[in-house]
Amino acid sequence: MTDDLLDPRALNDLRSRLDGPVVTPVDPDYEDVRAIFNAMMTARPRVIARCANPTDIATAVSFARREGLEVAVRGGGHSVAGASLTDGGLVVDLRPMNQVSVDPVRRTATAQGGAVWADFDRATEPHGLAATGGRVSTTGVAGLTLGGGSGWLERRFGLACDNLLSVELMTADGRLVAASEDSDPELFWALHGGGGNFGVATSLTFALHPLPEFAIALLLWPGRDGPAVARIYRDLLTDAPDEVGGGLIYLTAQPDDFVPDELVGTLCCAVLVTYTGPESALREFVAPLLDAEPHGRVVGEVPYSELQRMLDDPPGMRNYWSDENLRDLPDAALDRFHARAPEMPVPSASQQILFPWGGAVARGREWPGFDRKAAWAVHPFGVWSDPADDERARTWARSLCADMRPFSTGDVYLNFIGDEGADRIVAGYGVDNYRRLAAVKAEFDPDDVFHRWHDIVPLAHAESSAPPTPSA
């Protein structure tokens, strides 16, 4: 694919009108600029517009529409479905727009659309303030938040979208819209889980929370101890205080000071407990887990941003993720969860994760994201390097979700999944919310220009018919 696939005059005109650079397949940095987190996504855009400001965004989208090019929007590039790329189309690359400003008096932060959580945490931490971000530092602020925003601090401070005060959005027709509770409130509602379906978020403003102390416990056992550890963990988390977050994780143990040599490279069961408070309170809470004699342990206070960086996954790996949300967690579900773990690719960076929700998540407003009554999430997080493991990894993830379905709420957290079909998109919202979102879509993006994330079809395009209903 080369520049001659486009009108050279049009491409030169685009270059002349953008403050940021334009990258095409003939440029030496094309492959580096094109690459996203999931190496399985090999789409090759004709044009990557590295936007420096909102005017660049409007210009790039207008160019794409005029030239008949599909549009993708890239912030952090972490979409497992490859929403940040388009084959033969144009990518609106927001990475040059990554500034974060903090008002410590009002306890707010405003992030540009290309910021990642490392940028956000770096700006807020000196003020002793934080908001719920992703579970690694390289995830995009906008993509995570607009899709709901699950993260380590959610049981204390709510989802990322729960802390959203306003969004500045560039629409497909070049309008810059400010959405908040008081301005375009229906659009603002849709941006709490509806993802990138309505336009390009040029900036997002969040409420911040004091976070003077933060501590973690990372505990490790051989995989065979998983069933016993999981029961202790479930019982601890069922009525845990809001300060507690984390997850139970089957993983391949990596070399580290706290990991016994005999566990390196083997399937292990780990528990990460995060605590928005002092180490002493954390130690008291995790005492039953410590009594279970973990083979490796790290317990102590760490800066929240350091935890985020510690968990960064390597880019360029092959990824397949999915999700099932559970209302409760009986022994039968735990047994099935444990039984699937040996099917995960080991050794690899893959993880089989059990996340607790509840706390501030359960008390949050009914935005158009997942069911707030869900108490747990089972998240197969497949990350591996060898293409020969592709089918094994996908089969493991799908089988785990199928095992959990008898215990499932029937909905899904869409940020955790790839392309699993239209019925799963509706399941993520519920039929009524999907209809309402489709009406918002019809107002702000009637031509469905922004459809690379889990697409909400504009109501007019669906001829006012009911959306597909989730499969049983």
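Everything numeric here is computed off the predicted structure, so don't read it as measured data.
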Ignoring hydrogens and angles, state whether a donor on the side chain of Q112 or S203 is under 3.5 Å from an acceptor on the partner side chain. no
Cationic N near anionic O, under 4.0 Å, R392 to E343: no
Centroid separation under 6.0 Å, is that true for the rings of Y413 and H379? no
Between F444 and F198, does the ring centroid distance fall short of 6.0 Å? no
Report yes or no: does S183 contribute a side-chain atom to a donor-acceptor pair with the main-chain N or O of A178 at less than 3.5 Å? yes
What's the spacing between M404 CE and E324 CD if we round to 0.5 Å? 9.0 Å
Would F370 and Y429 satisfy ring-ring contact (aromatic ring centres under 6.0 Å, His included), going step by step from the backbone distance to the final call? CA-CA 6 Å; F370 62 84; Y429 299 122; over 10 Å; no
Please tell me whether N319 and W321 have a donor and an acceptor in their side chains that are separated by less than 3.5 angstrom. yes
Is there a donor-acceptor pair closer than 3.5 Å between any side-chain N or O of Y434 and the backbone N or O of G428? no
Regarding R365 and E181, does a basic nitrogen lie under 4.0 Å from an acidic carboxylate oxygen? yes
Decide, yes or no, whether a salt bridge links R9 with D13 under the criterion of side-chain N to carboxylate O below 4.0 Å. no
Quick one: do D432 and R435 make a salt bridge, cutoff under 4.0 Å? no
Exercise: do D173 and T171 side chains pair donor with acceptor under 3.5 Å: yes
Would you sort out whether W357 and N325 count as a side chain to side chain donor-acceptor pair (under 3.5 Å), showing the intermediate values? CA-CA 10 Å; W357 276 327; N325 297 337; over 6 Å; no
Go through the steps for D445 and H451 under the test side chain to side chain donor-acceptor pair (under 3.5 Å), then give the verdict. CA-CA 10 Å; D445 184 20; H451 59 257; over 6 Å; no
